[in-house]
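Okay, handing you the structure first.
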There are 2 protein chains.
Amino acid sequence: MTKGMRRGLNIEFRIWIYKGDVKLLGKGRVEILERIKRTGSILSASKEMKMSYRQAWQMVKEMNERAVSPLVEKKPGGKNGGGAVLTEAGEKAIVMFRKLEKRVEVFIKKNSERMEL
Amino acid sequence: MTKGMRRGLNIEFRIWIYKGDVKLLGKGRVEILERIKRTGSILSASKEMKMSYRQAWQMVKEMNERAVSPLVEKKPGGKNGGGAVLTEAGEKAIVMFRKLEKRVEVFIKKNSERMEL
DNA sequence: ATTCGTTATGCTTTTAAATGAATAACGAAA
DNA sequence: TTTCGTTATTCATTTAAAAGCATAACGAAT
């Protein structure tokens with residue numbers, strides 16, 4: 001929203017990945033995945049995003065339930081309180097989403113130049 | 001959400017047209033425009049969409065304020081209670097939005113085949 | 001066995017958005 | 001000048017989502 005803004009119109013967009021008619025992934029959830037990957041815990045991820053742990057945890061739970069195989073491996077207990085790490089499926093999910101998102105961004109940019117209202 | 005659904009993943013998306021950092025148009029607002037065009041009034045449009053007249057009216061007001069020139073011409077009073085009609089800018093807005101939306105849809109479809117998780 | 005930071009979960013509270021209801025203003029047509 | 005269905009606007013209510021809070025469960029390391 002702040003970068004590459006010139007006069008005239010600009011397009012924002014969002015994509016969601018569905019499986020049948022249940023939502024698997026969106027921007028917010030992918031961001032959670034990315035932060036879990038980097039920080040090693042749902043709690044840290046949620047704090048970074050200023051999102052309640054409650055919700056982040058719920059989202060992870062949902063993602064895991066809905067995907068064919070879990071995206072996040074959660075570890076309660078343990079030395080420093082366990083934590084959470086991405087599964088291979090989780091890693092793939094991020095890549096897939098970001099790749100498509102980037103492509104769409106470029107496409108839209110290309111197709112919305114010299115638009116005016 | 002109900003058409004063309006096969007197994008595997010499918011992508012949903014939404015686009016918004018911004019002018020600087022204020023939102024001008026989204027799917028919902030375009031739909032209002034289309035229904036105003038067809039029915040001739042904000043009230044009818046809102047009823048069709050099961051949306052409160054309050055909100056539909058507010059959205060039209062906002063669109064008109066934010067666009068360079070108004071998208072809807074509103075007519076209080078008059079024989080059968082006036083009504084509302086699209087301006088030329090309003091007509092153009094619909095076309096522009098739907099055209100881009102369609103292109104993006106096709107693009108995404110093409111770029112999300114054989115995606116899996 | 002104790003510790004410690006995380007996951008896990010229920011319950012209440014806040015917040016934001018949409019709705020609903022009520023009423024005034026409008027103005028062309030009859 | 002009366003009528004009628006719309007636009008215009010205020011205010012209270014409902015609703016849904018997110019946040020906040022409190023507490024249990026967990027389990028590797030010490």
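Side-chain atoms are counted along with the backbone in the values below, which use heavy atoms only and exclude waters and symmetry mates. Every chain is numbered from 1, with letters handed out A, B, ... down the list of sequences.
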| message | Any side-chain to backbone donor/acceptor pair from B/Arg35 onto B/Ser44? Under 3.5 Å, distance only. | response |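 Not confirmed, B/Arg35 side chain does not pair with B/Ser44 backbone.
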
| In residues 35-58 of chain A, which ones come under 4.0 Å of DNA chain C, going by heavy atoms? | A/Ser41, A/Ile42, A/Leu43, A/Tyr53, A/Arg54, A/Trp57

| query | Rounded to whole angstroms, how far apart are CE on A/Met59 and C1' on C/dA8? | reply |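 In whole Å, C/dA8 C1' lies 17 Å from A/Met59 CE.
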
| A/Lys102 bridged to A/Glu105 by N-O distance under 4.0 Å |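 Yes, this pair counts.
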
| Is B/Arg38 salt-bridged to B/Glu34, cutoff N-O under 4.0 Å? |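 B/Glu34 and B/Arg38: not salt-bridged.
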
| said: Using whole Å, what does the distance between atom C1' of nucleotide D/dT7 and atom CG of B/Asn80 come to? | reply: 14 Å

| query | Which value, rounded to the nearest 0.5 Å, describes the distance between A/Met63 atom CE and B/Leu117 atom CG? | reply | 11.0 Å

| Salt-bridge criterion met for A/Lys61 and A/Glu65 (N-O under 4.0 Å) |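 Salt bridge flag = yes for A/Glu65 with A/Lys61.
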
| query | Going by number, which of residues 68-79 of chain B have a non-hydrogen atom under 4.0 Å from DNA chain D? | reply |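 Contacting residues: B/Lys74, B/Lys75, B/Pro76, B/Gly77, B/Lys79.
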
| Expected output: side-chain A/Lys27 to main-chain A/Arg14 donor-acceptor under 3.5 Å |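 Such a contact is absent between A/Lys27 side chain and A/Arg14 backbone.
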
| query | Looking at B/Arg103, B/Arg98, B/Lys99, which hits salt bridge (Lys or Arg N to Asp or Glu O under 4.0 Å) with B/Glu101? | reply |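 For B/Glu101, the salt bridge (Lys or Arg N to Asp or Glu O under 4.0 Å) check succeeds only for B/Arg98.
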
| field | Reference residue B/Val85; test side-chain contact (heavy atoms from CB on, under 4.5 Å); the match among B/Glu73, B/Lys37, B/Glu91 | value | B/Glu73

